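These numbers come from a predicted model, not from an experiment. Lettering of chains follows the sequences in order, A, B, ..., and the numbering in each one begins at 1.
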Amino acid sequence: MTRSFVRPSLSFLPNTAALSYERPAMSSPLARFRLALASAVASRQGLSEDAVPELERQIRRPNADQGDLAFPCFTLAKTLRQNPAELAKTLAAALAEDDRWASVEAVGPYVNVTYATRLLAETVVPAARLDGYGENESGRGQTVVIDFSSPNIAKPLAFHHIRSTVIGASIANLHRASGWTVAGINYLGDWGKQFGLLATGFQRYGDPDKRADAKHLVEVYVKANREADVGRVKDAIEAPKMARELVSELQAAHAKLVSEAGADFETQKKMGKQVKALEKKLRALRGISDGDADPLSDGCTDWLHQLEAAAEAAKAELPQVEARDQEARAFLKKMEDKDEAALAEWQEFRRTSIEEFEKVYARMGITFSSIEGESFYQDKLDATVERVRDKPGTRESEGAEVIDMTYDKGEPPAIVKTRDGTTLYITRDIAAAQDRFQRFDFQRSLYVVAQDQALHFRQLFRALGSMGFEWADRCQHVAFGRVHGMSTREGRLVFLDEVLEKACAKARAICEQSEKIAPEHLDDAVEAIGVGAVMFGDLRNLRTSDYTFDYDQVLDFSGHTAPYVQFSHARACSILRKGGGVPAAADPTLLTLPEERALMVALGGYPDAVKEACDAYEPSLVVRALIDIAQSTASYLTAGNRDRGMRVLVEDSEALKGARLWLIDGVRHCLAHGLGLLCCRAPEAM
RNA sequence: GCACCCGUAGCUCAGCUGGAUAGAGCGACGGUUUCCUAAACCGUAGGCCACAGGUUCGAGUCCUGUCGGGUGCGCCA
């Protein structure tokens with residue numbers, strides 16, 4: 001089942017969109033203006049058609065109140081060996097003839113032009129009302145595979161899982177909107193030690209009546225994971241020694257700094273740097289956030305004593321922790337040896353986990369073409385290893401089989417088989433990549449996975465290339481930044497459904513105050529707004545940047561948020577309802593107010609935003625375009641509150657009212673479409 | 001130690017493959033509900049774009065160095 005985003009239609013209106021205008025040949029209205037400007041420049045200077053794309057690329061948005069498009073003349077002037085300002089004047093004079101431009105002005109080395117409002121209205125308004133506005137055909141006939149969400153089963157779905165899920169789903173929607181055939185795969189981490197932890201932990205703590213209770217399983221897993229975390233306990237045992245070494249090293253460095261005060265500048269500088277580095281390390285170890293604090297003072301000895309005590313406790317704990325880790329591994333081994341009881345238990349836990357995840361996915365309105373897992377490739381990995389041995393070959397390193405290919409300096413080897421004979425992450429990913437190419441014959445294969453794994457994917461793609469797969473360079477890692485501050489003060493993870501729930505609780509409190517929402521639509525609106533706010537809040541960030549999780553920010557519905565965009569949409573719907581629907585015919589050229597003009601420009605930019613967002617795998621570009629439209633809409637509608645003549649439902653002119661209704665219908669259609677691309681819904685009343 | 005990413009307003013972040021006077025949201029301050037939804041609108045304040053050099057007609061953007069932060073780095077996924 002492939003998710004296709006829902007085409008918005010108003011429940012109370014007939015679809016009148018396609019009645020009186022043909023679908024424009026060019027999917028972006030504003031592209032017409034840019035092309036016209038670039039072509040005019042080219043023909044004025046006697047340049048060939050080939051020069052037009054480059055000229056078009058140079059077009060910028062001018063400063064506020066200086067028009068709609070700006071052409072900087074620097075580059076062209078240089079090739080023509082002319083003065084940029086002179087060239088700007090020449091071009092401006094030539095462009096002035098064209099009635100596409102309401103104004104043409106040479107300002108220094110720039111040519112600034114303003115769209116003729118009449119042409120803008122004719123181009124944008126009817127187009128924005130059409131089904132498919134914002135979409136394009138650039139991917140027609142091509143297939144993209146998108147690996148996204150892909151959580152580890154048996155572990156809880158924490159807040160940060162929202163990133164891959166919602167970015168991936170949006171990128172899938174963007175490709176659909178650009179004509180691609182999309183295969184969205186949720187590639188679950190459904191094999192590994194975590195099942196051993198869960199299964200053995202359950203024997204100890206599990207409530208047999210709650211075997212199918214996902215929440216209970218998460219509790220068991222979290223507890224079992226902690227109690228079998230050998231690394232944590234060993235670190236605790238080592239901690240006092242390391243800490244004391246660091247402290248004495250730092251003290252020695254301090255002493256050296258004093259005793260060698262007479263040394264030359266370079267040496268002193270080096271020593272100072274070393275001291276600072278050590279201080280930083282110690283601060284990090286002690287958890288001091290103040291970057292200026294002296295890590296040796298303020299209870300440093302107390303801290304060391306605490307570490308000692310903790311280490312003693314850890315030593316006592318170690319045998320049991322190791323035993324539990326062994327138990328978990330043994331369970332995994334049973335699974336790999338096809339022990340029926342173990343596999344049955346794995347199946348049961350797996351199913352419960354997936355069902356729980358699917359509740360959250362359903363709440364977010366996210367679906368996949370298929371839900372698969374690493375376990376699927378478990379019995380196909382011998383063939384994969386053989387294929388690697390054949391080409392590019394493997395070499396032995398400390399008992400492990402390492403892919404024999406080119407490595408960057410200092411890069412760790414890519415291991416396909418461990419010295420114990422088990423396979424690894426990359427082995428399974430090589431098998432999965434081949435399988436996907438055989439199934440889908442893709443032009444693109446995207447992996448929407450955190451930036452942390454960049455190295456893994458670099459090696460994966462290089463390995464595929466070395467194996468002779470010419471499609472290796474069609475694979476891309478679509479990386480995204482981390483979410484910081486994901487633990488609560490008690491050190492507990494923030495769960496995704498808990499955040500969604502809190503956002504919905506807040507949405508409910510606000511929605512219950514609204515007289516606009518019919519009681520039967522209340523629950524639906526609450527979900528759309530609450531869940532939308534959280535997802536939109538993630539998508540608004542540039543994909544690659546890290547950001548910090550902040551409950552106050554997630555639950556803030558003011559400013560440029562999903563509820564803001566949804567609110568503009570709901571107001572537009574409200575006006576359409578009140579106006580009795582959209583007339584079949586209207587004359588957009590009657591729209592001449594500055595507020596209307598700004599709105600048309602924002603609306604016209606939407607298809608460009610979708611195209612660019614798809615090409616750059618960057619949903620935040622759509623977010624910005626929607627905010628732009630919502631903001632222009634809010635300003636426009638508020639202006640109508642002050643001045644009755646500026647209202648959409650203006651009293652004294654049916655023709656003007658019709659034109660404004662068309663514009664507002666375009667807004668509502670476009671906002672709903674854009675929200676849909678971002679996996680958010682658009683309630684008709686708020 | 002090696003590699004990659006980042007440093008822009010009090011906070012969170014934009015700034016489009018180098019272009020004019022660096023922009024939003026939050027927060028602060030001041031206005032706007034007899035007015036199609038105040039989850040809103042309008043306005044004000046707030047910046048040595050980490051620092052120092054370099055390339056260029058032009059640098060927040062490119063190069064080098066320094067300082068400060070993050071992440072990854074052999075048998076986990």
Side-chain angles (χ1 to χ4, degrees), chain A residues 57-58 60-64 66 70 72-75 77-78 84 107-110 112 150 152 155 189 191-194 231 273 276 280 291 374 397-402 408-420 422-426 428-429 450-456 458 479 481-482 484 507 510-511 513-516 529 533 540-542 544-548 550 552-553 556-561 563-564 566-568 570-572 574-579 612 616 620-621 624 627 631 634-644 646-650 660 664 685-686:
Chain A
R57 198 189 65 80
Q58 292 173 17
R60 291 285 179 277
R61 284 203 77 150
N63 294 328
Q66 290 197 22
C73 298
F74 305 98
T75 312
K78 198 165 188 177
V107 184
Y110 291 84
N112 295 334
S150 307
N152 267 339
K155 295 186 186 177
W191 196 260
K193 203 178 83 180
Q194 69 263 32
K273 217 171 145 179
K276 275 192 120 173
K280 195 176 135 190
E374 294 181 68
S397 171
E398 294 171 37
E401 275 190 68
V402 170
D408 288 336
K409 183 175 50 122
E411 199 180 350
I415 295 171
V416 278
K417 204 158 193 180
T418 70
R419 74 168 82 89
D420 303 329
T422 60
T423 55
L424 278 96
Y425 193 42
I426 196 163
R428 291 193 276 278
D429 260 345
Q451 173 67 32
D452 310 16
Q453 297 194 32
L455 178 63
H456 166 72
R458 269 209 309 276
R482 292 167 56 92
H484 296 290
I510 300 172
C511 286
Q513 307 297 312
S514 169
E515 311 114 18
K516 301 280 178 177
I529 294 162
R540 64 188 296 177
N541 302 291
L542 272 188
T544 48
S545 15
D546 292 2
Y547 71 94
T548 304
D550 178 359
D552 292 339
Q553 206 174 316
D556 187 1
F557 293 174
S558 61
H560 291 168
T561 59
Y564 178 86
Q566 289 167 324
F567 186 54
S568 275
R571 285 179 74 180
S574 170
I575 289 172
L576 292 174
R577 273 193 299 267
K578 197 164 175 182
E612 284 167 30
S620 68
L621 297 179
R624 281 185 225 164
I627 285 170
Q631 190 163 39
S635 295
Y636 176 41
L637 298 183
T638 304
N641 283 342
R642 283 191 299 277
D643 179 348
R644 299 185 81 87
M646 291 170 74
R647 289 190 177 199
V648 174
L649 303 177
V650 62
R660 288 178 175 173
I664 291 303
M686 283 177 72

Trainee: I want to verify a distance call: between rC41(B), rG74(B), rA38(B), whose nearest atom is closest to the P412(A) side chain?
Mentor: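 Given the options rC41(B), rG74(B), rA38(B), the side chain of P412(A) is closest to rG74(B).
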
Trainee: For a quick check of understanding: with a heavy-atom distance under 4.0 Å over all strands, which category does Y564(A) fall into, base, sugar-phosphate or nothing?
Mentor: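 Sugar-phosphate contact only.
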
Trainee: Give the minimum heavy-atom separation between G559(A) and Y564(A), together with the two atoms involved.
Mentor: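 Here G559(A) and Y564(A) meet closest at O-CB, 3.1 Å.
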
Trainee: Over all strands shown, is Q513(A) touching base, sugar-phosphate only, or nothing at heavy-atom distances under 4.0 angstrom?
Mentor: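 No contact.
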
Trainee: For rA14(B), what is the paired nucleotide under Watson-Crick or G-U wobble rules, both distances under 3.5 Å?
Mentor: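 By the stated definition (distances under 3.5 Å), nothing pairs with rA14(B).
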
Trainee: Classify C511(A) by what it touches in the nucleic acid, base, sugar-phosphate, or nothing, heavy-atom distance under 4.0 Å.
Mentor: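 The answer is base, as C511(A) lies within the cut-off (heavy atoms under 4.0 Å) of a base atom.
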
Trainee: For the P atoms, the ones on rC57(B) and on rA50(B), what distance do you get once it is rounded to whole angstrom?
Mentor: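 rC57(B) and rA50(B) have their P atoms separated by 25 Å.
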
Trainee: Would you classify Q66(A) as touching base, sugar-phosphate or nothing, given that sugar-phosphate means primed atoms plus P, OP1 and OP2, and contacts are heavy atoms under 4.0 Å?
Mentor: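 Base contact.
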
Trainee: Considering only heavy atoms and no angle criterion, is a donor-acceptor pair shorter than 3.5 Å present between the side chain of R57(A) and the base of rU17(B)?
Mentor: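 Flag set: donor-acceptor pair detected.
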
Trainee: Looking at rA39(B), does its base get a donor-acceptor pair with the side chain of D556(A) below 3.5 Å?
Mentor: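 Check fails, no donor-acceptor contact within cut-off.
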
Trainee: Look at all strands and tell whether Q194(A) reaches a base, only sugar-phosphate, or nothing, counting heavy atoms closer than 4.0 Å.
Mentor: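 Since no nucleic acid heavy atom lies under 4.0 Å of Q194(A), the category is nothing.
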
Trainee: To the side chain of R60(A), which of rA39(B), rC73(B), rC16(B) is closest?
Mentor: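 From the listed options, rC16(B) comes nearest.
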
Trainee: Of the listed nucleotides (rG74(B), rU37(B), rG15(B)), which one gets closest to any side-chain atom of S397(A)?
Mentor: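 When the side chain of S397(A) is considered, rG74(B) is the closest of rG74(B), rU37(B), rG15(B).
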
Trainee: Determine yes or no for a side-chain-to-main-chain donor-acceptor pair under 3.5 angstrom, with T548(A) supplying the side chain and H484(A) the backbone.
Mentor: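 No; zero donor-acceptor contacts below 3.5 Å.
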
Trainee: Using atom types as modelled and distance alone, determine if a side-chain donor or acceptor of S635(A) lies under 3.5 Å from a backbone N or O of Q631(A).
Mentor: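 Checking the backbone N and O of Q631(A) against the side chain of S635(A), a donor-acceptor pair under 3.5 Å is found.
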
Trainee: Nearest of rC41(B), rA20(B), rG72(B) to any side-chain atom of Q631(A)?
Mentor: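 For the Q631(A) side chain, the nearest candidate turns out to be rC41(B).
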
Trainee: With rounding to whole Å, what would you report as the distance between rU55(B) and rG18(B) at their C1' atoms?
Mentor: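 Taking atom C1' in both rU55(B) and rG18(B), they lie 11 Å apart.
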
Trainee: Under 4.0 Å, counting only non-hydrogen atoms across every strand here, what does I529(A) touch: a base, just sugar-phosphate, or nothing?
Mentor: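 Contact class for I529(A): base.
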
Trainee: Among the candidates rC41(B), rU37(B), rU71(B), find the nucleotide nearest to the side-chain atoms of R482(A).
Mentor: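 Of rC41(B), rU37(B), rU71(B), rU71(B) is nearest to the side chain of R482(A).
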
Trainee: Could you check whether A685(A) gets within reach of a base, just the sugar-phosphate, or nothing at all, counting any heavy atom under 4.0 Å?
Mentor: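 Here A685(A) touches the bases of the nucleic acid.
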
Trainee: Over all strands shown, is G640(A) touching base, sugar-phosphate only, or nothing at heavy-atom distances under 4.0 angstrom?
Mentor: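 Contact class for G640(A): base.
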
Trainee: Picking from rU37(B), rA40(B), rA39(B), which would you name as closest to the side chain of A634(A)?
Mentor: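 Closest nucleotide to the A634(A) side chain: rA40(B).
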
Trainee: Regarding A570(A), tell me which of base, sugar-phosphate or nothing describes its non-hydrogen contacts under 4.0 Å with the strands shown.
Mentor: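 Counting heavy atoms under 4.0 Å across all strands, the contact made by A570(A) includes a base.
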
Trainee: Compare the minimum distances between each of rU37(B), rA14(B), rG72(B) and the side chain of L455(A), then state the nucleotide with the smallest one.
Mentor: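 Ranking rU37(B), rA14(B), rG72(B) by closest atom to the L455(A) side chain puts rG72(B) first.
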
Trainee: Counting any heavy atom closer than 4.0 Å, what does S545(A) reach on the DNA or RNA strands: base, sugar-phosphate only, or nothing?
Mentor: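 Sugar-phosphate, no base atom in range.
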
Trainee: Judged by modelled atom types alone, do Y425(A) and Q453(A) share a side-chain donor-acceptor pair under 3.5 Å?
Mentor: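 Checked: Y425(A)/Q453(A) side chains pair up, N/O donor to acceptor below 3.5 Å.
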
Trainee: Using atom P in both nucleotides, what's the gap between rG53(B) and rG10(B) to the nearest angstrom?
Mentor: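 Pairwise P distance, rG53(B) against rG10(B), rounds to 24 Å.
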
Trainee: I'd like to know if the side chain of D550(A) and the backbone of D552(A) have a donor-acceptor N/O pair within less than 3.5 Å.
Mentor: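 Looks like yes, one N/O pair under 3.5 Å.
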
Trainee: Here's a test of your reading of the structure: between D643(A) and T544(A), which maps to the more 5' nucleotide of RNA chain B?
Mentor: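 Residue closer to the 5' terminus by nearest nucleotide: T544(A).
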
Trainee: Is any side-chain heavy atom of R660(A) closer than 4.5 Å to one of I575(A)?
Mentor: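 No, too far: nothing below the 4.5 Å cut-off.
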
Trainee: Given rA39(B), rA40(B), rC57(B), which nucleotide is nearest the side-chain atoms of P563(A)?
Mentor: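 Nearest to the side chain of P563(A) among the choices is rA39(B).
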
Trainee: On a whole-Å scale, what distance lies between the P atoms belonging to rC6(B) and rU17(B)?
Mentor: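 The answer is 14 Å between these two P atoms.
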
Trainee: With a 4.0 Å cut-off on heavy atoms, is L424(A) in touch with a base, just the backbone sugar-phosphate, or nothing at all?
Mentor: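 Sugar-phosphate, backbone atoms only, no base.
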
Trainee: Pick the P atom in rU66(B) and in rG1(B), then give their distance to the nearest Å.
Mentor: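 Taking atom P in both rU66(B) and rG1(B), they lie 12 Å apart.
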
Trainee: Going by purine N1 to pyrimidine N3 plus the second Watson-Crick contact, or the G-U wobble pair, all under 3.5 Å, which nucleotide sits opposite rG74(B)?
Mentor: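 Partner of rG74(B): none.
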
Trainee: Quickly, which of V648(A), L637(A), L576(A) forms a side chain to side chain contact (heavy atoms under 4.5 Å, CB included) with R571(A)? Name it, please.
Mentor: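 Result for side chain to side chain contact (heavy atoms under 4.5 Å, CB included) with R571(A): L637(A).
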
Trainee: What interatomic distance, in whole Å, is found between C1' of rC48(B) and the corresponding atom of rU44(B)?
Mentor: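 Comparing C1' positions in rU44(B) and rC48(B) gives a spacing of 24 Å.
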
Trainee: Which part of the nucleic acid, if any, lies within contact of P62(A), taking any heavy atom under 4.0 Å across all strands shown: a base, the sugar-phosphate backbone alone, or nothing?
Mentor: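 Base contact.
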
Trainee: Looking for any heavy atom pair under 4.0 Å, which part of the strands does E612(A) touch: base, sugar-phosphate only, or nothing?
Mentor: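 Nothing, no nucleic acid heavy atom in range.
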
Trainee: When the P atoms of rA24(B) and rC42(B) are considered, how many whole Å apart are they?
Mentor: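 11 Å, rounded to whole Å.
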
Trainee: When we call it a touch if two heavy atoms are under 4.0 Å apart, what does P413(A) touch: a base, just sugar-phosphate, or nothing?
Mentor: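 Base contact.
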
Trainee: Would you indicate which nucleotide in rU37(B), rC42(B), rC36(B) comes nearest to any side-chain atom of K516(A)?
Mentor: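 Closest nucleotide to the K516(A) side chain: rU37(B).
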
Trainee: When you measure from the side chain of D452(A), which nucleotide among rC41(B), rG72(B), rA77(B) comes out closest?
Mentor: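 When the side chain of D452(A) is considered, rG72(B) is the closest of rC41(B), rG72(B), rA77(B).
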
Trainee: Considering only the C1' atoms, how many Å lie between rA9(B) and rC76(B), rounded to the nearest integer?
Mentor: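 It comes out at 43 Å once rounded to the nearest Å.
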
Trainee: Q566(A) side chain to M686(A) main-chain N or O, any donor-acceptor pair under 3.5 Å?
Mentor: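 Such a contact is absent between Q566(A) side chain and M686(A) backbone.
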
Trainee: Mapping K417(A) and V650(A) onto RNA chain B by nearest heavy atom, which one lands closer to the 5' end?
Mentor: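 Looking at RNA chain B, the more 5' nearest nucleotide goes with V650(A).
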
